[in-house]
2 protein chains.
Amino acid sequence: MSSEQIKISTRDKILESAIRLFAEKGFSGTTTREIAEKAGVNEALIFRYFSTKRDLYSAIIERKISEEPGFEYPLEAFKETRDDWLIFRSIAIRMFDCVEKDPSFIRLLHFSALEGHELSDMFFDTYVQYQRMLLSDYIERRISEGAFKNVNPVLAARAFIGMVINYILVQEIFGEKKRRKIKREEVADTFVKIFLEGIKNN
Amino acid sequence: MSSEQIKISTRDKILESAIRLFAEKGFSGTTTREIAEKAGVNEALIFRYFSTKRDLYSAIIERKISEEPGFEYPLEAFKETRDDWLIFRSIAIRMFDCVEKDPSFIRLLHFSALEGHELSDMFFDTYVQYQRMLLSDYIERRISEGAFKNVNPVLAARAFIGMVINYILVQEIFGEKKRRKIKREEVADTFVKIFLEGIKNN
DNA sequence: GTAGAGTAAGTAAGTAATTACTTTATATTA
DNA sequence: TAATATAAAGTAATTACTTACTTACTCTAC
């Protein structure tokens, strides 16, 4: 009870290293031997836990889908607050946080889409569609309240998410990370400012 | 001189089918046998024209880099016009056009970045960086003229490009293409409206 | 407590298929 | 004649995946 050793199961070791490798080099760029080496287990064990390499990949995506949603929002805030600045800013910051906490996530998402994995749609829906829906609902309400201009709320949501996601994508995948280093807060503030000034009435 | 047959060289046939396959399945997801089959040439010929598979990939990226820049702007317009609406709208439309004309382009760009090809940086610079620079220069000038708010011009440029690119990306790579079908013009108008209203003074 | 049985975890070696790439010998064309 | 193409066969390495076997742990019976 006192000195409980944290024993990482073999299954988890395999999953962990597979996530990192698939995120780094994609499905067909990663070999099961590499995965086993990185996990420090025998290659044959992979196939004891997962019947095929593709199965392992699917297990990873399923796990990512069911895991803490990464950028989960204060949902109540969406319904009670009308503090646009706070809401949009917190969404942007939350997206930055999510990617910083789990850098393999965005690479996995893009690899699985490009490589056409069967679960990539669900992956996409869980994160992107859901988020977009929440945001466009909020925008729609603000339009009907007369606070926002009368624009297509889905397009407006996509505009805002697009700014942020694309910024992150360029940093993470196109490796601009190291070159420029603008503070996240400045980025978020600028984007929110442009967007809100652009959509607000008056 | 009269009945000049359009003879597609073997090299071009190989390049052509390799572009399509690499864009579809990535570098490590594509085999040289497939490329040869699709091109209708013998597999051995690939290695007569390109010493390795990697070489072929590089040749493709180099070709895409040197090719007509896809979305080339009316550069003079940037310096002479002050019609913000026209400029931003034409940029957005031009990006839509480019991707529609050559759907493999955006997939190649993303695959090469994810798979970490050595030329992917140059690829990125040629298209994204250059375009961003043009746009941020324009924004900077408009700020100094007092037409735009005083925001970081590079961030503003990235905000606008991000909206459009992300929209395209989701349609093309995450396959939302078929589901929704909003007219490009409506998308462009909405984005430009939000952006310009957000950045303009008064 | 210990023998033994049952089960899970681990391993080395090997499978057949596929990979990028080569070779050689034979056509076709300019 | 000389470059360019083809087909077919073959290379060594690598691939995903399997096999047959050993070890380690756990539970039960006495």
Side-chain angles (χ1 to χ4, degrees), chain A residues 1 3-62 108 111-112 115-119, chain B residues 1-62 108 111-112 114-119:
Chain A
M1 209 124 182
S3 65
E4 202 126 323
Q5 280 278 67
I6 297 160
K7 176 81 180 299
I8 302 155
S9 77
T10 304
R11 209 187 121 97
D12 281 346
K13 279 195 283 187
I14 293 169
L15 274 172
E16 191 57 37
S17 67
I19 287 174
R20 295 241 289 278
L21 284 166
F22 284 144
E24 195 185 328
K25 333 207 294 178
F27 178 75
S28 38
T30 303
T31 69
T32 50
R33 183 138 68 94
E34 278 178 303
I35 296 171
E37 263 173 28
K38 186 155 200 160
V41 304
N42 190 281
E43 193 184 350
L45 274 179
I46 293 177
F47 298 96
R48 181 110 83 219
Y49 289 100
F50 309 93
S51 57
T52 62
K53 181 189 174 190
R54 188 137 213 107
D55 240 54
L56 168 58
Y57 196 60
S58 299
I60 286 172
I61 298 187
E62 274 165 12
L108 266 180
F111 254 129
S112 75
E115 291 183 318
H117 189 275
E118 43 182 356
L119 290 178
Chain B
M1 209 119 184
S2 57
S3 66
E4 201 125 324
Q5 279 276 69
I6 298 161
K7 176 83 178 297
I8 303 155
S9 76
T10 304
R11 207 187 123 98
D12 280 346
K13 279 195 282 186
I14 293 170
L15 274 172
E16 192 56 39
S17 67
I19 286 174
R20 295 243 288 279
L21 284 166
F22 284 144
E24 195 183 328
K25 333 205 297 179
F27 178 76
S28 39
T30 302
T31 68
T32 50
R33 181 139 70 95
E34 279 177 302
I35 296 171
E37 262 172 29
K38 186 155 202 160
V41 303
N42 191 278
E43 193 185 349
L45 271 181
I46 293 177
F47 299 96
R48 178 112 82 222
Y49 287 100
F50 309 93
S51 56
T52 62
K53 182 189 173 191
R54 188 134 214 108
D55 240 55
L56 168 57
Y57 196 59
S58 299
I60 286 172
I61 298 187
E62 274 165 11
L108 265 180
F111 254 129
S112 75
L114 277 169
E115 291 183 319
H117 191 277
E118 42 182 359
L119 290 178

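Just so we're on the same page: letters track the sequence lines, and every chain starts at 1. Just so it is clear, the model here is predicted, and its values are computed rather than measured. Values below: every heavy atom of this structure, side chains too, minus hydrogens, waters and symmetry copies.
Taking the six-membered ring for Trp and the full ring otherwise, the centers of Phe27(B) and His117(B) sit at least 6.0 Å from each other. Between Phe22(A) and Tyr57(A), the distance from one ring center to the other falls under 6.0 angstrom.
Comparing dA7(D), dT19(D), dT22(C) by their closest approach to the side chain of Phe47(B) singles out dT22(C).
Between the side chain of Thr30(A) and the backbone N or O of Leu21(A) there is at least one donor-acceptor pair closer than 3.5 Å.
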Fill in: Step-by-step side chain to side chain contact (heavy atoms under 4.5 Å, CB included) determination, Leu15(B) to Tyr49(B)
CA-CA 10 Å; Leu15(B) 274 172; Tyr49(B) 287 100; over 6 Å; no

Fill in: Worked check of side chain to side chain contact (heavy atoms under 4.5 Å, CB included) between Leu56(A) and Thr32(A)
CA-CA 10 Å; Leu56(A) 168 58; Thr32(A) 50; 5.9 Å; no

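Taking atom CG on Leu56(A) and atom P on dA16(D), their separation rounds to 11 Å, with Å as the unit. If you measure from atom CD of Glu43(A) to atom P of dC17(D), you get 10 Å, rounded to the nearest angstrom. In this structure, CD of Glu37(A) is placed 13 Å from P of dT11(C), rounded to the nearest angstrom.
No hydrogens or angles were tested; on distance alone, nothing pairs the side chain of Asn42(B) with the base of dA5(D) as donor and acceptor under 3.5 Å.
Between Leu108(A) and Ile61(A) the shortest side-chain heavy-atom distance does not fall below 4.5 Å. Side-chain contact between Phe111(A) and Lys25(A): absent, with no pair of heavy atoms (C-beta onward) separated by less than 4.5 Å.
Toward the 5′ end of DNA chain C lies the nearest nucleotide of Ala44(A), the other residue of the pair Ala44(A) and Ser51(B) mapping further downstream.
The neighbour count for Arg54(A) CZ, taken as heavy atoms of other residues, nucleotides or ligands under 6.0 Å away, is above 12.
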Please list, for nucleotides 2-4 of chain D, all pairs of protein and nucleotide N/O atoms separated by less than 3.5 Å.
none

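Within residues 13-35 of chain A, no residue has a heavy atom under 4.0 Å from DNA chain C.
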